[in-house]
Participant: 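Got a structure for you, written out below as structure tokens; questions coming shortly.
The residues of the chain are indexed from 1 along the displayed sequence. First listed ligand is number 1; within each ligand, the first listed atom is number 1. Predicted model, so just to flag it, every value in this text is computed and none were measured.
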Amino acid sequence: MRPMYSCSNARVVLVGGGHAHVQVLRFLEADPLPGASLTLVSNETAGIYSGMVPGFIAGQYRGEETEIDVRPLARLAGAELVLSPVTRIDADRRLITAANGAELSYDVASVNIGSTVAGLDLPGVREHAIPTRPIARLIERIDGLLATARAWPAGQSFRVVVVGGGSAGVEVAFTVLQRLTDAGVPEPRLALVESRAEILTGYPASLVRRVRRRASRLGVELLCERRVAAVKETEVRLEDGSSLPFDALFWVTGAWSHPLFRDSGLPTDERGFVRTQSTLQVEGHDELFAVGDCGTMTEFPDTPKAGVYSVRQGPLVTENLRAFLAGEALRAYRPQGDFLSLLNMGDGTAMGTKWGLSFEGRWVFRLKDRIDREFMGRFQVDS
Ligand SMILES: Cc1cc2nc3c(=O)[nH]c(=O)nc-3n(C[C@H](O)[C@H](O)[C@H](O)COP(=O)(O)OP(=O)(O)OC[C@H]3O[C@@H](n4cnc5c(N)ncnc54)[C@H](O)[C@@H]3O)c2cc1C
């Protein structure tokens with residue numbers, strides 16, 4: 001039988017300040033859990049809103065505009081903030097350990113730590129590639145890349161290779177190219193490598209055609225059915241024996257789990273993401289929730305690892321944490337089958353899809369910009 005806490009003595013711990021937990025903090029600020037103690041453990045003072053990252057690469061947003069500072073949000077929600085990465089979750093003892101030695105007992109906890117990138121263990125990738133996750137590190141490396149490119153010798157092309165032809169890879173490719181062009185880098189060249197037969201798996205064919213048309217107009221090389229075998233200092237070796245020279249390499253190969261869940265002996269899927277019920281509770285551990293990229297719902301294993309799902313789960317996990325503490329029934333989350341997907345192309349236009357249709361133009365960028373700024377506006381509070 002599940003104990004009833006009536007909130008008065010409950011210890012509630014949130015791990016990670018991802019897209020869902022920043023909302024939990026805002027909801028609990030407006031309607032606190034009476035008497036409960038709330039702690040947020042985060043490895044960073046700010047979370048990054050991924051929807052604006054391609055715009056940051058293109059130079060459309062400043063770094064601060066992509067950040068959600070969790071410190072004022074925690075303070076306003078009455079949460080104690082522990083700034084250190086969580087290294088272990090002992091779900092049987094209900095104990096969370098952070099790298100700084102903090103040990104936090106909980107009655108109910110929720111994890112929203114996002115994901116890392118697949119394929120980082122291939123030879124040379126960690127040393128020579130710029131991975132897109134953690135996103136905070138990607139942001140830090142863009143300025144350095146621009147400085148290198150601006151100082152590039154005249155008459156020599158600056159060659160960028162992007163590995164991964166999903167939506168994030170496509171956005172990174174076009175926004176990097178635009179930024180280099182705007183910065184006056186004389187001959188930026190871009191190649192995008194994808195292991196599958198086509199870019200943008202899961203997206204409508206009409207969007208793929210739009211991206212292909214744009215790529216051919218801008219001279220972006222799309223190399224499909226090519227898989228990277230290894231990375232050397234200035235070249236990517238492909239499995240077919242060929243190689244691609246680069247001056248900058250972006251690694252955008254899709255989501256993979258942080259090792260935390262496997263290291264903690266929790267149930268995981270094949271990529272190491274923790275497995276949850278549709279109520280977002282970890283399988284076999286009702287007092288532990290996992291939301292956003294880091295959890296895989298066993299009932300909906302193919303839900304994409306995309307920020308929109310984490311955003312949608314924010315209100316529901318708040319409700320379920322509350323219901324859990326009150327001993328009430330929890331609600332199940334049903335991922336939406338289709339969502340508005342908008343790709344920033346870096347030049348003031350965007351491409352989008354919804355219900356199998358695709359569209360593009362300046363108005364699509366304006367729509368994306370408005371949606372993103374509205375979302376971010378919910379978290380801009382005085383620190
Ligand atoms: C370039 C790019 C563009 C993208 N664009 C879009 C888009 O337009 N739309 C979309 O839906 N998706 C997009 N995505 C995917 C999106 O980034 C992820 O799906 C989303 O960030 C996941 O959100 P989350 O809430 O699960 O975690 P995150 O928002 O990643 O937050 C996790 C937080 O947990 C913290 N953390 C990590 N480890 C620990 C730890 N051990 N202890 C404590 N804290 C920890 C991190 O610092 C971070 O603040 C994009 C991805 C990339 C790379």
Participant: Suppose I only count heavy atoms of Gly51 and a 4.0 Å limit; which atoms of ligand 1 are within that range?
Facilitator: 8 (O)
Participant: Judged by modelled atom types alone, do Arg210 and Ser358 share a side-chain donor-acceptor pair under 3.5 Å?
Facilitator: yes
Participant: Quick one about Asp269 and Thr296 (side-chain donor to acceptor, distance below 3.5 Å, no hydrogens or angles considered), yes or no?
Facilitator: yes
Participant: Work out whether the distance between some heavy atom of Leu260 and some atom of ligand 1 is less than 4.0 Å.
Facilitator: no
Participant: As a check for students: among Ile89, Asn112, Asn43, identify the option with a heavy atom nearest to atom 33 (C) of ligand 1.
Facilitator: Asn112
Participant: Assess whether a salt bridge exists between Arg189 and Glu187, defined as any Lys/Arg side-chain N lying under 4.0 Å from an Asp/Glu carboxylate O.
Facilitator: no
Participant: Considering only heavy atoms, which of Gly169, Ser84, Gly47, Gly314 lies nearest to atom 49 (O) of ligand 1?
Facilitator: Gly47
Participant: Hey, which atoms in ligand 1 end up nearer than 4.0 Å to a heavy atom of Gly292?
Facilitator: 26 (O)
Participant: Side chain or backbone, does Ser310 bring an N or O within less than 3.5 Å of an N or O on ligand 1?
Facilitator: yes
Participant: For ligand 1, which atoms have a heavy atom of Glu44 less than 4.0 angstrom away?
Facilitator: 47 (O)
Participant: For Ser42 and Glu44, which I'm curious about, is there any donor-acceptor pair between the side chains at under 3.5 Å?
Facilitator: no
Participant: Any luck finding a side-chain donor-acceptor pair between Thr298 and Gln277 under 3.5 Å?
Facilitator: no
Participant: Would one find an N or O of Cys294, backbone or side chain, under 3.5 Å from an N or O of ligand 1?
Facilitator: no
Participant: Using a 4.0 Å cut-off to any heavy atom of Ala168, which atoms of ligand 1 qualify?
Facilitator: 2 (C), 52 (C)
Participant: Just go through Arg312, Glu171, His19 and tell me whose heavy atom is the nearest to atom 28 (P) of ligand 1.
Facilitator: His19
Participant: With heavy atoms of Val41 as the reference, note each atom of ligand 1 found under 4.0 Å away.
Facilitator: 43 (C)
Participant: State whether a side-chain donor-acceptor pair under 3.5 Å links Tyr203 with Ser341.
Facilitator: yes
Participant: Test of understanding: given a 4.0 Å heavy-atom threshold, classify the contact between Lys305 and ligand 1 as side chain, backbone, both, or neither.
Facilitator: backbone
Participant: Any idea which atoms of ligand 1 are less than 4.0 Å away from a heavy-atom of Gly114?
Facilitator: 26 (O), 27 (O), 30 (O), 32 (C)
Participant: For atom 50 (C) of ligand 1, grab the closest protein heavy atom and report residue, atom and distance to one decimal in Å.
Facilitator: Ser50 CB, 3.8 Å
